[in-house]
Amino acid sequence: MLLKFKVYELVKTVPYGKVTTYKEIAKALNVKCYRVIGQALKQNKDLINIPCYKVVHANGNVGGYVLGKKEKVKLLKKDNIEVVGDKIVNFEKVLFKFVK
DNA sequence: CCCTTGACCAAAC
DNA sequence: GGTTTGGCCAAGG
């Protein structure tokens, strides 16, 4: 429960034009449960305040989204992030890593 | 407290 | 290169 809140806070700190991964978030929170991160975002009711679309798989794959991958990609492109197929282009470049 | 459920991950097949 | 498998662990019923 409190993990989720931390996740929300972290995601909110992701700057424009950047994305992050479930793994990175877990690492930043010093936990190993990547899966819970996804659950947190899925179950979140603050979709308007939380840019969950900026959270992708560890390998750059877009991952899932409540409104579908299409919408997720659309939003990502809005943030100047290119997506081909289901993968982030220049993934390393746009990946935002939290300070440890 | 036991059981199920994941918007995951990495390795193996 | 897609699919399966096992592991991982919090959250909710």
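Residue numbers begin at 1 in each chain, while the letters A, B, ... track the order of the sequences. Predicted, not measured: the structure shown is a model, and the values here were computed from it.
- Per the geometry, CD belonging to Q43(A) stands 8 Å off P belonging to dA7(B), to the nearest Å.
- The side chain of K72(A) contributes no N or O atom lying less than 4.0 Å from OP1 or OP2 of dA7(B).
- Computed from coordinates, the N44(A) CG to dA10(C) C1' distance equals 16 Å when rounded to whole Å.
- How far CG of D46(A) is from SG of C52(A): 9.0 Å, rounded to the nearest 0.5 Å.
- Atom NZ of K4(A) has more than 12 heavy atoms from other residues, nucleotides or ligands within 6.0 Å.
- In this entry the distance linking CG of L2(A) with P of dG12(C) reads 10 Å, nearest Å.
- Among the protein residues, L3(A) comes within range of the sugar-phosphate backbone only, with heavy atoms under 4.0 Å from sugar or phosphate atoms but none that close to a base.
- Contact of the F98(A) side chain with the L29(A) side chain is not registered, since no non-hydrogen atoms from C-beta on lie closer than 4.5 Å.
- Between E24(A) and K27(A), at least one side-chain N (NZ, or NE/NH1/NH2) sits under 4.0 Å from a carboxylate O, which counts as a salt bridge.
- Whole-Å rounding puts the D86(A) CG to dG1(C) P distance at 14 Å.
- For the pair N61(A) CG and dC9(B) P, the computed distance is 9 Å after rounding to whole Å.
- Atom CG in L41(A) sits roughly 14 Å away from atom C1' in dA10(C) (whole-Å rounding).
- Distance, Y65(A) OH to dG6(B) P: 19 Å, rounded to whole Å.
- Between dA7(B) and H57(A), no contact under 4.0 Å exists linking OP1 or OP2 to a side-chain N or O.
- The environment of NZ in K69(A) is sparse: at most 12 heavy-atom neighbours from other residues, nucleotides or ligands sit within 6.0 Å.
- Nearest to the side-chain atoms of K4(A) among the listed nucleotides dG12(C), dG6(B), dA7(B) stands dG12(C).
- Atoms NZ (K23(A)) and P (dG6(B)) sit 23 Å apart, rounded to a whole Å.
- Residue V66(A) is classed as a base contact, given a heavy-atom separation below 4.0 Å to a base.
- At least one donor-acceptor pair closer than 3.5 Å links the side chain of N59(A) to the backbone N or O of N61(A).
- Sequence neighbours left out, not one pair with a member in residues 34-45 of chain A passes salt bridge (charged side-chain N to carboxylate O under 4.0 Å, His left out).
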N/O contacts under 3.5 Å, protein versus nucleotides 5-9 of chain C?
| residue | atom | partner | partner atom | Å |
| --- | --- | --- | --- | --- |
| dG7(C) | O6 | R35(A) | NH1 | 3.3 |
| dC8(C) | N3 | R35(A) | NH1 | 2.9 |

